[in-house]
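Fair warning: this is a prediction, and the values are worked out from it, not measured in the lab. Just so we're on the same page: letters track the sequence lines, and every chain starts at 1.
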Amino acid sequence: MTNKVNDIFDSFTSKTIFKDKQLLQSNYTPEVIPHREKEIEQIAGILAPSLRLERPSNLFIYGKTGTGKTLCVKYVENELIKRALKQNIELSILYVNCKLNKVADTEYRIVAELLRKLNEKVAATGLPTQDLYRRFTEIIDKKKQLVIIILDEIDQAVKKMGDDFLYHFTRIGSDLSKAQVSIIGISNDLLFLDNLDPRVKSSLSEEEISFHPYNAAQLQDILKERSKKAFKENIVQTGVIEKCAAYAARNHGDARKALELLRIAGELVERDSKKELDFEYIDKANNKIEKDKILDVISNAPKHFQLVLSSIISLTKKNKEAIFTTDVYDIYLNLCSKTRLEKLTQRRIGDIISEFDLQGIISFKVISRGRHGRTREIKLSLPTHLIGKVEGILFESLGI
DNA sequence: GTCAATTCACATGAAAGAGACCACGGTCTAGTG
DNA sequence: CTAGACCGTGGTCTCTTTCATGTGAATTGACGA
């Protein structure tokens, strides 16, 4: 028995096709960031005054996902910190991702997260938000120093709770006597600034930088660079990088996605205990990513979400030419009484349907049927080969 | 036949409630010297 | 006398409900040709 296990471990360690898988992980910060030299210079230029303990302008960065925004900022951050240490400059940089669910997606949590970065213990809830602000300003104002706050995915936070909190942030500086604060906002949403309160907008975007998507050629460079170090020799076949880049380029030049694709493909090759990564594996990886994402979302969804989805699936299977909100709600009510669950209002079900749409599990368009009112026309957008699996999950969790 | 008004059946927004979780400060209680 | 248990108050957070307002084309009905 133990021998067998050891064999498995042996073959796992010896047969690996990876040299260093880390390089394909999304949290990896490479030494060199190809095709972003100009942006890095810009960021560095804007933040440079901090090395003389002068407050740099607030900076606003926007660009689609996977265009290297966070990467570039972190890169400059690291260099800046190194330099500050060498020159003995009181500079701290606090990075908060406003999206990472449950960590920092409310005003309270963002400030709490900032405090934690300063090695403060903060309760998960229970304190007035204003208290946290006060504690934060007190702590950083203890000494003469410069604090740079980086708010990543700031658009998500604003979408969720409005732009009030940004106003609070931009005003932190005015309560300080010794320390100084500047803010870097990073957004995936290109139109984000337009919808902001003008006061916030002008103070947040003293400087702006936009990141353009990578094109296919640039993506290839990035992938080549990384795969050279991540995989052992002669693993990656010709055409793989090109295909991977093409996939991602279609996806508004998302480099993160491209790297993920390559990594998953590699893992699949390993699982098949093959030695060559050819371009068919890119397709397989793409399917796997989609599938895993969808199944994960569905199996972790609350019961009522699952009931709604179950209703939509059963309507789809009945081959009705169009599914409307009421149809879904009727079946949902039925399922509720079958499963003895408290039923939710139609208003709420409407929101749940919207959320499914956002996740790409269904799609709908609002149509007006004239005299017969307005409603949503709902379509299931799960790939057909997944429907069975999804039904399995739903059955397991709901027992219907 | 034409055109504006009407109407339906929801969508969409805003506000507020319910219940879980949590911190903090004050009060009570049991153990200790 | 003191540490720890316990309680009440007041805060956040998520999921919902309630109430209010918005919406776009089929339908209606008045009008004129």
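The shortest distance between the side-chain N/O atoms of Arg348(A) and the OP1/OP2 oxygens of dT16(C) is below 4.0 Å. Side-chain N/O atoms of Thr325(A) include one lying less than 4.0 angstrom from OP1 or OP2 on dA11(B). Note on Arg376(A): every side-chain N or O is 4.0 Å or more away from OP1 and OP2 of dA9(B). Considering only side-chain N and O atoms, Ser368(A) lies nowhere under 4.0 angstrom from the phosphate OP1 or OP2 of dA26(C).
Atom CG in Asp327(A) sits roughly 12 Å away from atom C1' in dC10(B) (whole-Å rounding). Regarding Asp131(A), its CG atom lies at a distance of 18 Å from the P atom of dC22(B), rounded to whole Å. The separation between Arg135(A) atom CZ and dA23(B) atom P is 11 Å, rounded to whole Å. Between the CD1 atom of Ile367(A) and the P atom of dC8(B) there is a distance of 18 Å, rounded to whole Å. The interatomic distance linking His372(A) (NE2) with dA11(B) (C1') rounds to 18 Å, in whole Å. Going from atom OH of Tyr329(A) over to atom P of dA9(B) covers 17 Å, rounded to whole Å. Atom CD1 of Ile353(A) is separated from atom C1' of dA11(B) by 11 Å (rounded to the nearest Å).
Ionic pairing of Arg135(A) and Asp131(A) is not present here: no N-O contact between side-chain nitrogen and carboxylate oxygen is shorter than 4.0 angstrom. The existence of a salt bridge linking Glu113(A) and Arg116(A) is confirmed by a sub-4.0 Å separation between a basic side-chain nitrogen and an acidic carboxylate oxygen.
When distances are taken from the side chain of Val366(A) to each of dT12(B), dT14(C), dT12(C), the shortest belongs to dT12(B). Distance from the side chain of His304(A) is smallest to dT16(C) among dC13(C), dT12(B), dT16(C). Side chain of Arg109(A), nearest nucleotide from dT14(C), dC10(B), dC19(C): dT14(C). Comparing dC10(B), dT16(C), dC19(C) by their nearest atom to the side chain of Leu344(A) picks out dT16(C).
Aromatic ring pairs are classed by plane angle as parallel below 30°, tilted from 30° to 60° and perpendicular above 60°; the pair Tyr332(A) and Tyr329(A) is parallel.
Two residues, Thr375(A) and Arg371(A), neighbour DNA chain B, and the one matched to the more 5' nucleotide by heavy-atom proximity is Arg371(A). Between Arg374(A) and Arg369(A), the residue anchored closer to the 5' end of DNA chain C is Arg374(A), taking for each the nucleotide with the nearest heavy atom.
The residue Lys365(A) sits apart from the nucleic acid: no heavy atom pair falls under 4.0 Å.
Checked by atom type, the side-chain pair Ser177(A)/Asp141(A) shows a donor-acceptor distance below 3.5 Å.
Of all heavy-atom pairs between Cys336(A) and Leu307(A), the closest is SG-CD1, 4.0 Å.
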